Asks: 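Pasting a structure below so you can have a look.
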Amino acid sequence: MNLTTILKQTAAENLLHLYQVNIQPEQVLVNATKPEFEGDYTIVLFAFVKQLGKSPEVVGNELGTAMQKALPTIITSYNIVKGFLNFTISNDYWLELIKNTNPNNLIPPITNQQKIMVEYSSPNTNKPLHLGHLRNNFLGWSIAEILKLQGHEVVKTCIVNDRGIHICKSMIAWQLFAHGATPSSTNKKGDHFVGDYYVKYNDAFKAEVAGLVAGGMTQELAEKEASIFKAAQEMLLKWEQGDAATLDLWKRMNEWVYEGFEVTYKKIGSDFVKTYYESNTYLLGKELVEEGLAKKVFYQKEDSSVWIDLTGDGLDEKIVRRKDGTSVYMTQDIGLAQLKQKEFNNDASIYVVGDEQNYHFKVLKLICQKLQLPAADGIYHLSYGMVELPTGKMKSREGTVVDADDLVDAMIAISKEKTEALGKVSDFTTDQLTELYNTIGLGALKFFLLRVDPKKKMIFNPEESIDFHGFTGPFIQYTHARIKSILRKTGVTVSITNNELLPLEKQLAIELSTFPAIINEAAENLDPSKVAIFAFNLAKLFNTFYAEHSIANAESETKKQVRIQLGILTAATLQKSMSVLGIAVPEQM
RNA sequence: GGUUCGGUAGCUCAGCUGGAUAGAGCGUCAUCCUUCUAAGAUGAGGGCCAUUGGUUCGAAUCCAAUCCGAAUCACCA
């Protein structure tokens with residue numbers, strides 16, 4: 001059990017015993033003691049003092065004495081400053097902890113294991129992936145791994161948005177301007193190739209609209225009347241009618257895109273157990289509409305469109321079936337939720353989707369609950385903020401996007417440059433070097449996107465934002481490599497025996513012991529940044545320790561043994577933390 | 001207009017279930033490689049925690065109002 005938990009429980013028990021007050025362990029506030037005071041852990045007394053009607057000194061003394069008696073092997077002494085009861089924890093406790101922690105099994109599996117689905121990535125097939133997709137992919141992959149580490153069974157899925165007007169736009173532009181060109185004939189990556197035609201469509205569209213406006217038409221009307229837009233609409237209609245030639249072109253162009261995506265996914269490490277295609281799912285949910293009508297969850301208007309009234313839940317009315325009988329986005333999503341549940345029998349489902357869809361997912365969950373679909377309560381939206389450039393928002397239509405492939409390649413190139421400049425890996429083979437550059441470049445990028453709170457929007461400055469020093473992936477990778485280098489020289493631990501821990505040694509032990517709690521926190525909040533911040537703090541602490549104390553040339557053999565073990569545990573904890581962020585840590589760099 | 005989310009150092013961000021003197025990184029300045037990896041460490045400087053009021057022994061944290069920014073409130077997906 002976690003020491004904080006032990007202290008909370010013991011405090012609650014003794015308060016009950018001493019004063020007959022019933023205080024839940026969770027209500028006891030236990031903090032790490034601030035460095036300027038003596039002690040390791042602090043109980044804040046103010047909360048109880050009031051209802052006990054005694055001074056903090058009296059309560060502190062009585063509680064301190066009682067707790068020391070209750071935990072004689074853990075608490076060596078206590079002191080009281082104002083309303084703070086500070087405990088000093090025994091060296092033996094920390095030594096035992098260091099000794100008994102298994103570097104290969106740092107996280108004890110939780111008791112209520114669930115089957116959890118994580119849907120992420122969700123690309124459109126009319127353009128390549130960009131920076132925003134990277135944030136999505138890294139977040140989704142990471143939260144899945146964090147849940148796995150806790151012991152859950154996780155199913156990663158992806159819904160590909162492969163139909164609709166935006167695809168038709170690329171298709172029309174290809175028909176008009178490509179003259180039969182293909183990715184292989186132009187030697188272009190398939191998704192980029194198709195994306196280029198999406199941009200070409202928009203250029204042509206804008207030019208045509210401008211011409212119409214110059215001829216006296218209003219902007220609004222011109223946008224509707226532009227022939228290229230009409231052609232795209234017509235194509236969508238043909239697609240829906242199953243026109244063979246249209247479907248053929250659609251399949252062909254989507255194939256190009258998938259080939260491109262596969263390369264990118266492989267490079268950034270995204271993987272999926274199951275991929276759903278919207279072209280197969282967009283008609284789902286129709287039976288659910290009938291079911292909802294029967295259950296009186298939905299109601300029908302005179303024009304025969306079907307709605308749900310959510311005003312009682314503080315939301316609006318929402319349409320779930322058009323008057324022409326076709327389903328809307330929401331209907332599809334309800335249908336897909338049901339399908340996924342049937343196929344995988346999951347307990348919970350996490351959707352990694354941008355925060356512009358917060359409302360949509362709130363409604364989705366509500367409707368699923370009202371329809372009493374299984375696992376409806378387990379729907380969570382991992383909502384993340386937009387990635388913006390210093391110049392403002394990215395717009396793929398205008399070509400002001402940071403392309404995912406370009407960015408990844410640039411990061412790898414920078415890591416190569418920096419590594420070569422340092423000249424520490426002259427003994428690496430060419431293959432090892434390539435792998436190292438990938439590891440560092442991608443590590444920097446992933447860490448940069450994962451280290452901030454997902455729900456906040458973030459600003460990405462290509463020139464200044466990516467660094468290899470400080471609060472970065474490479475800093476942690478470097479710390480890991482550094483520890484491994486030392487361990488290669490010192491060998492493994494033989495035995496750990498009694499000795500006094502120096503302040504930095506103890507701090508490391510304390511920091512290491514919080515890892516499981518950090519993982520829980522990250523899982524509960526669907527927030528990998530907690531892990532990123534933890535890994536950084538741990539690495540920083542180790543580096544301070546390293547600068548202060550020698551491992552190989554420790555003052556004594558017993559000291560050396562303890563420090564080797566601390567090194568082993570730190571390396572393992574860093575490795576594990578980074579691995580759930582999707583970042584590898586090298587043995588040498 | 002309604003709803004939701006945000007505003008903390010020059011910049012990028014932690015801290016937000018109320019607790020001791022508000023923290024990192026980058027950038028600036030100054031130190032430290034005949035000793036385990038200097039992608040490192042140490043120190044200095046940098047703050048009316050958007051504003052105003054309230055609750056409290058105690059507020060960056062909770063409540064209210066105001067100001068600024070974003071998203072959303074589609075028979076688009």
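Hydrogens, waters and symmetry mates are skipped; everything else that's a heavy atom, side chains included, is used. Sequence lines set the chain letters: A, B, ... in the order given, protein chains first and strands last, and positions in each chain run from 1. Small disclaimer: the values here were computed from a predicted structure and weren't measured.
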Asks: Would you measure the distance from the P atom in B:A38 across to the matching atom in B:C32 and give it in whole Å?
Replies: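 Straight-line distance between the two P atoms is 16 Å.
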Asks: Please check: side-chain N/O of A:Ser485 versus main-chain N/O of A:Ala481, any donor-acceptor pairing under 3.5 Å?
Replies: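 Absent.
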Asks: Starting from P on B:C26, measure out to CZ on A:Phe448 and report it in whole angstrom.
Replies: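 Distance check: A:Phe448 CZ to B:C26 P gives 14 Å.
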Asks: Report which part of the nucleic acid A:Ile440 touches: base, sugar-phosphate, or nothing (heavy-atom distance under 4.0 Å, all strands).
Replies: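 Base, at least one base atom sits under 4.0 Å.
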Asks: Check whether the side chain of A:Asn86 and the base of B:A20 form a donor-acceptor pair under 3.5 Å.
Replies: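 When only heavy-atom distances are counted, A:Asn86 does reach the base of B:A20 through a donor-acceptor pair under 3.5 Å.
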Asks: Assess whether one donor atom and one acceptor atom, taken from the side chain of A:Asn358 and the base of B:C73, lie less than 3.5 Å apart.
Replies: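 Per atom types, no contact qualifies.
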Asks: Look at all strands and tell whether A:His549 reaches a base, only sugar-phosphate, or nothing, counting heavy atoms closer than 4.0 Å.
Replies: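 Since a base atom lies under 4.0 Å of A:His549, the category is base.
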Asks: Could you check whether A:Gln357 gets within reach of a base, just the sugar-phosphate, or nothing at all, counting any heavy atom under 4.0 Å?
Replies: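 Contact class for A:Gln357: base.
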Asks: Does A:Lys489 have a side-chain nitrogen or oxygen under 4.0 Å from the phosphate oxygens OP1 or OP2 of B:U37?
Replies: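 Yes, within the criterion.
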Asks: Roughly how far apart, to the nearest Å, are B:A22 and B:A50 at atom P?
Replies: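 Looking at atom P only, B:A22 and B:A50 are 15 Å apart.
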Asks: Are A:Lys318 and A:Trp307 in a cation-pi contact, defined as NZ or CZ under 6.0 Å from the six-membered ring centre and within 45° of the axis?
Replies: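 Pair A:Lys318/A:Trp307 does not count as cation-pi.
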Asks: Under 5.5 Å between ring centres and under 30° between planes: true for A:Phe37 and the base of B:A20?
Replies: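 Check passed, A:Phe37 stacks on base of B:A20.
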Asks: Testing A:Asp191, A:Asn254, A:Asn161 one by one against A:Thr125 for a side-chain hydrogen bond (donor to acceptor under 3.5 Å, both in side chains), which residue passes?
Replies: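 Exactly one candidate clears the test, A:Asn254.
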Asks: Which base, if any, makes a Watson-Crick or G-U wobble pair with B:U35, both distances under 3.5 Å?
Replies: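 Pairing partner, where one exists within any strand: none, as none qualifies.
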Asks: Students often get this wrong, so: under 4.0 angstrom with heavy atoms, is A:Ala552 touching a base, only sugar-phosphate, or nothing?
Replies: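 Base contact.
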Asks: Could you check A:Thr472 against A:Met386 and say which one's nearest nucleotide on RNA chain B is further toward the 5' end?
Replies: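 Comparing both residues, the 5'-ward one is A:Thr472.
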Asks: Expressed in whole Å, how much space separates the C1' atoms belonging to B:U51 and B:A59?
Replies: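 It comes out at 16 Å once rounded to the nearest Å.
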Asks: Taking only the C1' atom of each, what is the distance from B:C29 to B:G45 in whole angstrom?
Replies: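 To the nearest whole Å, 8 Å.
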Asks: Any side-chain N or O of A:Lys530 below 4.0 angstrom from OP1/OP2 of B:G15?
Replies: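 For B:G15, OP1 or OP2 has a side-chain N or O of A:Lys530 closer than 4.0 Å.
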Asks: Using OP1 and OP2 only, check whether a side-chain N or O of A:Arg482 sits under 4.0 Å from B:A41.
Replies: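 Answer is no, no contact under 4.0 Å.
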Asks: Between A:Thr544 and B:U42, is there a side-chain N or O to OP1/OP2 distance below 4.0 Å?
Replies: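 For B:U42, OP1 or OP2 has a side-chain N or O of A:Thr544 closer than 4.0 Å.
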Asks: If you look at every strand shown and take non-hydrogen atoms under 4.0 Å, does A:Asp453 touch a base, only sugar-phosphate, or nothing?
Replies: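 Sugar-phosphate contact only - A:Asp453 comes under 4.0 Å of backbone atoms but never of a base.
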Asks: Looking only at atom C1', what distance separates B:U37 and B:C62, rounded to whole Å?
Replies: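 One C1' to the other, the span is 48 Å.
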Asks: Return the pairing partner of B:C5 with a 3.5 Å limit on both distances, Watson-Crick or G-U wobble; otherwise return none.
Replies: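 Pairing partner: B:G69.
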Asks: Rounded to the nearest 0.5 Å, what separation is found between the OG1 atom of A:Thr33 and the CG atom of A:Asn79?
Replies: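 Here the interatomic distance stands at 8.0 Å.
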Asks: Has A:Arg451 got its NZ or CZ under 6.0 Å from the middle of the six-membered ring of A:Phe536, at an angle within 45 degrees of the ring axis?
Replies: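 Not flagged: A:Arg451 not positioned over aromatic ring of A:Phe536.
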Asks: Between C1' on B:G40 and NZ on A:Lys418, what's the gap in Å once rounded to a whole number?
Replies: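 The answer, rounded to whole Å, is 15 Å.
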Asks: Could you check which nucleotide pairs with B:A30 in any of the strands shown, counting Watson-Crick or G-U wobble with both distances under 3.5 Å?
Replies: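 Its partner is B:U42 (Watson-Crick or G-U wobble, both distances under 3.5 Å).
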Asks: Does A:Gln332 reach a base, just sugar-phosphate, or nothing at all? Heavy atoms under 4.0 Å.
Replies: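 Answer is sugar-phosphate: A:Gln332 comes under 4.0 Å of backbone atoms only.
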Asks: If B:A59 has a Watson-Crick or G-U wobble mate with both distances under 3.5 Å, name it; if not, just say none.
Replies: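 The answer is none; no pair meets the criterion.
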Asks: Could you measure the distance from the CG atom of A:Asn553 to the CZ atom of A:Arg563? Nearest 0.5 Å is fine.
Replies: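 Between atom CG of A:Asn553 and atom CZ of A:Arg563 there are 10.5 Å.
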Asks: If you go through the side-chain atoms of A:Thr42, does one of them form a donor-acceptor pair with the base of B:A20 closer than 3.5 Å?
Replies: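 Such a pair is found, so the answer is yes.
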Asks: When you measure from the side-chain N and O atoms of A:Lys456 to the phosphate of B:G7, is any distance below 4.0 Å, counting only OP1 and OP2?
Replies: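 Answer yes for this pair, as a side-chain N or O of A:Lys456 is under 4.0 Å from OP1 or OP2.
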Asks: Could you let me know what B:G23 is paired to, Watson-Crick or G-U wobble, both distances under 3.5 Å, or none if it's on its own?
Replies: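 Across all strands, the one nucleotide that pairs with B:G23 is B:C13.
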Asks: Can you tell me the Watson-Crick or wobble partner of B:A64, both distances under 3.5 angstrom?
Replies: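 B:A64 is paired with B:U52.
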Asks: B:G69 and B:A64: how far apart are their P atoms, nearest whole angstrom?
Replies: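 Roughly 22 Å separates the two P atoms.
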Asks: How far does the P atom of B:G18 sit from the matching atom of B:G25, given to the nearest Å?
Replies: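 The answer is 28 Å between these two P atoms.
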Asks: Scan A:Ser529 against the nucleic acid and name what it touches under 4.0 Å (heavy atoms): base, sugar-phosphate only, or nothing.
Replies: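 Here A:Ser529 touches no strand at all.
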Asks: Mind checking if A:Val44 touches a base, just sugar-phosphate, or nothing, with heavy atoms under 4.0 Å?
Replies: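 Result for A:Val44 = base.
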Asks: Using OP1 and OP2 only, check whether a side-chain N or O of A:His166 sits under 4.0 Å from B:C76.
Replies: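 No, no such contact exists.
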Asks: Name the closest nucleotide to the A:Glu36 side chain, picking from B:A20, B:G25, B:A14.
Replies: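 Between B:A20, B:G25, B:A14, the one nearest the side chain of A:Glu36 would be B:A20.
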Asks: Base, sugar-phosphate alone, or nothing: which one does A:Arg321 contact when heavy atoms must sit under 4.0 Å apart?
Replies: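 The residue A:Arg321 makes no contact with any strand.
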Asks: For A:Phe46 and B:G19, do the ring centres fall under 5.5 Å apart while the planes stay under 30° apart?
Replies: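 The ring of A:Phe46 is stacked on B:G19.
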Asks: Taking for each residue the nucleotide of RNA chain B with the nearest heavy atom, is it A:Pro454 or A:Ala32 whose nucleotide lies nearer the 5' end?
Replies: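 Result: A:Pro454.
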Asks: Can you see whether A:Tyr384 has A:Arg135 sitting over its ring - NZ or CZ less than 6.0 Å from the centre and within 45° of the normal?
Replies: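 Relative to the ring axis of A:Tyr384, which defines the angle, A:Arg135 lies outside at least one limit.
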Asks: Could you work out the separation of B:A70 and B:A30 based on their P atoms and round it to a whole Å?
Replies: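 Going atom to atom, P in each nucleotide, I get 41 Å.
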Asks: What nucleic acid atoms does A:Lys34 come within less than 4.0 Å of, heavy atoms only: base, sugar-phosphate, or nothing?
Replies: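 A:Lys34: base contact, heavy atoms under 4.0 Å.
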Asks: Nearest heavy-atom pair of A:Gln507 and A:Leu541: which atoms, and what distance?
Replies: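 Minimum heavy-atom separation between A:Gln507 and A:Leu541: OE1-CD1, 3.4 Å.
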Asks: So, A:Tyr546 and B:C36: ring centres less than 5.5 Å apart, planes less than 30° off, yes or no?
Replies: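 Here the ring of A:Tyr546 and the base of B:C36 are stacked, with centres under 5.5 Å and planes under 30°.
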Asks: By a 5.5 angstrom centroid cut-off and a 30 degree plane limit, is there stacking between A:Phe536 and B:A24?
Replies: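 A:Phe536 vs B:A24: stacking no.
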Asks: Please answer whether the main-chain N or O of A:Asn124 pairs with a side-chain N or O of A:His166 as donor and acceptor at a distance below 3.5 Å.
Replies: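 Pair absent, no side-chain N/O of A:His166 close to backbone of A:Asn124.
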